[in-house]
Enquirer: 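Below are the C-alpha cells for one structure; questions will follow.
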Amino acid sequence: MSDKKVALSDEKVDLIISILLRVGVVISSLTVLAGGLFYLLRHEEQTPNYHIFVGEPSQLTSVRGIIETATTLSGRGIIQLGLLILIATPIMRVAFTVVSFLIQKDRVYVGVTLIVLSVLLFSLTGGR
Amino acid sequence: MFSAFIFSGSLMAGFLGALTGLGGGVVIVPLLTLVFGVDIRYAIGASLVSVIATSSGAAAAYVKEGFSNIRLGMFLEMATTFGAFLGAGLAALISTKVIAVIFGIVLLYSAYLSFRGHEPDPEDAEDTPDFLAHSLHLDSSYPEGQVSVPYHVHHVPTGFSLMFLAGGLSGLLGIGSGAVKVLAMDQAMHIPFKVSTTTSNFMIGVTAAASAGVYLSRGYIDPGLAMPVMLGVVAGALLGSKVLANSKPTVLRIVFAVIIMNLGVEMIYNGMTGRI
C-alpha cells in the first residue's frame with residue numbers, strides 16, 4: 001500500500017489512539033474514585049438493596065442529567081460522570097478513526113466508521 | 001462495608017482475568033448475582049463498565065505494538081456494535097431466569113475452550129488472497145522481530161456473522177465475548193492468533209460501549225455498585241499484567257476454568273429454579 005505518501009500514517013494513527021484510550025481510562029478512573037470517596041465519606045451508601053431491581057432515576061440515565069447531578073457534587077453523580085467518560089472513550093476512539101480515514105482519503109472506511117459511530121451514539125440515547 | 005466486599009471480589013476477578021487472559025467480565029456477573037445476591041441487570045451493567053475499562057487499558061498497549069488490524073476491527077465492529085445494541089435491547093424484554101441460563105451455557109463453553117487450549121493456526125495452504133477481503137483492504141501484516149509478516153483474511157461473511165453473535169452475547173450478558181471474537185478471527189477467518197487476540201481486545205471496548213450506552217439510558221447502571229466493581233477490576237487487571245510479564249500460568253488457567261465451570265452450572269441451576 002502507498003501509506004508512506006500520506007501525511008497521517010497508520011503507525012501515527014495507532015499511536016494517537018493508544019494515547020487517547022489511556023487518557024480516557026485514567027481520567028474516568030480518577031473521576032469514579034473521587035466520586036466514590038464523596039459517596040462513602042458522606043454515607044450515601046445507605047444499605048443498598050440490589051436484590052430488588054428498581055432502575056436508576058432519570059437524572060442518572062441521560063448525558064445531560066448526569067452532568068447536572070455531578071455539578072451538585074453528589075457522590076453518585078460524580079461516579080456516574082466518570083462512567084460516562086469511560087463509555088465515551090471508545091466512542092471518541094471511533095470518532096478519531098473517522099477523521100483519520102478522512103485525511104487518508106479512504107472513503108470506504110470513512111463510511112464504515114461512520115456507521116459504527118452512529119450505532120454507538122444512538123445506543124447512548126437508549127435507541128429512542 | 002458492602003462496597004469493600006464488592007471491591008475485593010472484583011479485584012480478584014480482574015487479577016485472575018488478566019493472568020489467564022480470559023478477562024474479568026465472565027466472573028463478575030456470577031460473582032455479583034450468586035455471592036452478593038445482586039439483580040442480574042444491575043450486575044450486567046456494572047460488568048459492562050469494567051469490561052470497557054480493562055479492554056481499553058489493554059488495547060492502549062497492544063495498538064502501539066502494531067499487532068492489531070484497525071481496518072479489520074472497524075469493519076467487524078459494524079457487526080458487533082449492532083449485535084450489542086440488539087442484545088442489550090433483548091435483555092430488557094426476556095426474563096432474568098432465561099438470561100441466567102444463557103449465561104451459564106456461555107460460561108461452560110468458555111471453560112471448555114480454556115481446557116482445550118489454543119489449537120495451532122490452520123494450515124497456510126490456502127493462503128491466497130480472498131477477493132472480498134482484498135477489496136476491503138483487510139489484508140495486513142504484523143511485526144515479528146525486525147521483519148513484518150504479511151497475512152490474508154478469509155471467509156469474511158462467516159466471520160462477520162460470528163461477530164454479530166459475539167456482539168449480541170455481549171449486550172445480553174455484559175461480557176466482552178472475547179472468546180467468540182477470537183474464534184471468529186482465528187478459526188473462521190484464518191487470521192494469525194496474535195493479531196486475532198489483540199484486534200479482539202481492541203474491539204471489545206467499542207462493543208461494550210454500545211451495550212453500556214443502552215444499559216445506562218435504561219437505568220441499569222447503578223453508581224454505588226459500578227464504582228467498587230470498576231475500580232476493583234481495573235486495579236486487579238493492572239496487578240495481573242505486572243505478574244503476567246514473567247510467568248506462564250497453565251495451572252492457574254486450569255483452576256480458573258474449573259471455577260468458571262462451577263459458576264456456569266450454578267447459574268443454570270439458579271436460573272432454572274427461579275432463584276435469579
Side-chain angles (χ1 to χ4, degrees), chain A residues 1 10-11 13-15 17-19 21-22 24-25 28-29 32-33 35-36 39-40 44-45 47-48 50-53 55-58 60-62 75-77 79-80 82-84 86-91 93-94 97 106 108-109 112-113 115-116 119-128, chain B residues 1-3 32 36-43 48-49 52-53 55-57 59-66 68 70-71 74-75 77-78 81-82 84-85 88-89 96 135-137 205-214 216-228 230-231 234:
Chain A
M1 273 202 269
D10 278 4
E11 286 74 25
V13 171
D14 288 355
L15 186 69
I17 289 180
S18 128
I19 294 169
L21 290 174
R22 215 172 286 245
V25 172
S28 77
S29 302
V32 170
L33 187 65
Y39 173 78
L40 293 175
E44 285 179 44
E45 184 190 25
T47 339
Y50 295 118
H51 190 62
I52 299 157
F53 182 78
E56 296 306 311
S58 62
L60 289 177
T61 60
S62 70
R76 291 170 64 85
I79 294 171
Q80 207 75 334
L83 300 179
L84 192 64
L86 186 68
I87 297 173
T89 300
I91 301 181
R93 191 206 104 192
V94 175
T97 321
D106 189 335
V108 175
Y109 276 88
V112 166
T113 42
I115 291 174
V116 175
V119 175
L120 287 171
L121 292 176
F122 188 61
S123 74
L124 201 53
T125 62
R128 279 180 289 243
Chain B
M1 268 327 273
F2 181 76
S3 298
L32 291 178
F36 293 102
V38 171
D39 181 281
I40 197 165
R41 283 162 292 195
Y42 279 137
L48 276 172
V49 166
I52 301 178
S55 100
S56 299
Y62 288 137
V63 178
K64 224 168 44 183
E65 284 164 19
S68 50
I70 293 194
R71 280 195 174 76
M74 277 298 170
F75 177 72
E77 269 164 16
M78 287 196 294
T81 49
F82 193 62
F85 180 72
T96 52
S135 28
L136 287 166
H137 302 291
V206 175
T207 312
S211 319
V214 177
L216 183 79
S217 58
R218 285 246 162 84
Y220 293 180
I221 296 184
D222 179 82
L225 181 68
M227 180 265 295
M230 177 209 168
L231 294 177
V234 167

Enquirer: Between Leu136(B) and chain A, which part of the residue has a heavy atom less than 4.5 Å away: side chain, backbone, both or neither?
Expert: both
Enquirer: Please give me the minimum heavy-atom distance between Val32(A) and Leu231(B), naming the atom from each residue.
Expert: CG1-CG, 4.0 Å
Enquirer: Is the closest side-chain heavy-atom distance between Leu86(A) and Met230(B) below 4.5 Å?
Expert: yes
Enquirer: Is it the case that over 12 heavy atoms from other parts of the model lie below 6.0 angstrom from the CZ atom of Phe82(B)?
Expert: no
Enquirer: Could you tell me which of Thr97(A), Ile91(A), Ile87(A) has the largest number of non-hydrogen atom pairs under 4.5 Å with chain B?
Expert: Ile87(A)
Enquirer: Enter the distance from Leu40(A):CG to Ser3(B):OG here, rounded to the nearest 0.5 Å.
Expert: 5.0 Å
Enquirer: Quick one: closest heavy-atom pair of Ile221(B) and Gln80(A), and the distance?
Expert: O-NE2, 3.0 Å
Enquirer: Is it the side chain or the backbone of Leu83(A) that comes within 4.5 Å of chain B heavy atoms, both, or neither?
Expert: side chain
Enquirer: So which part of Leu84(A) gets closer than 4.5 Å to some heavy atom of chain B, the side chain, the backbone, both or neither?
Expert: side chain
Enquirer: Supply the atom-to-atom distance Leu120(A) CG to Glu77(B) CD, rounded to the nearest 0.5 angstrom.
Expert: 8.0 Å
Enquirer: Looking at every non-hydrogen atom in both residues, tell me the closest pair between Ile17(A) and Ile70(B) and how far apart they are.
Expert: CD1-CD1, 3.6 Å
Enquirer: If we define contacts as heavy-atom pairs under 4.5 Å, which of Ala212(B), Ala43(B), Ala53(B) has the most with chain A?
Expert: Ala53(B)
Enquirer: Apply the test side-chain contact (heavy atoms from CB on, under 4.5 Å) to residues Leu216(B) and Thr61(A): give CA-CA distance (whole Å), side-chain angles for both, the deciding distance (0.1 Å), then the verdict.
Expert: CA-CA 5 Å; Leu216(B) 183 79; Thr61(A) 60; 5.6 Å; no
Enquirer: Give me the atom names and distance for the closest heavy-atom approach of Gly205(B) to Pro90(A).
Expert: O-CG, 3.5 Å
Enquirer: Could you pull out the closest heavy-atom pair between Ser123(A) and Ser217(B), with the gap in Å?
Expert: O-OG, 3.8 Å
Enquirer: Checking heavy atoms, do the side chain of Ile115(A), its backbone, both or neither come under 4.5 Å from chain B?
Expert: side chain
Enquirer: Apply side-chain contact (heavy atoms from CB on, under 4.5 Å) to Arg71(B) and Val112(A), showing your working.
Expert: CA-CA 9 Å; Arg71(B) 280 195 174 76; Val112(A) 166; over 6 Å; no
Enquirer: When rounded to the nearest 0.5 angstrom, what is the spacing between CD1 in Ile79(A) and CE in Met227(B)?
Expert: 4.5 Å
Enquirer: Side chain, backbone, both or neither: which part of Ser29(A) has an atom under 4.5 Å from a heavy atom of chain B?
Expert: both
Enquirer: From Ser56(B) OG over to Arg93(A) CZ, what is the distance, rounded to the nearest 0.5 angstrom?
Expert: 8.0 Å
Enquirer: Can you tell if the side chain of Val119(A) reaches within under 4.5 Å of the side chain of Met78(B), non-hydrogen atoms only?
Expert: no
Enquirer: Quick check for you: among Thr81(B), Leu48(B), Leu32(B), which has the greatest number of heavy-atom pairs under 4.5 Å with chain A?
Expert: Thr81(B)
Enquirer: Looking at Pro223(B) and Leu60(A), what are the two nearest heavy atoms and their distance?
Expert: CG-CD1, 4.0 Å
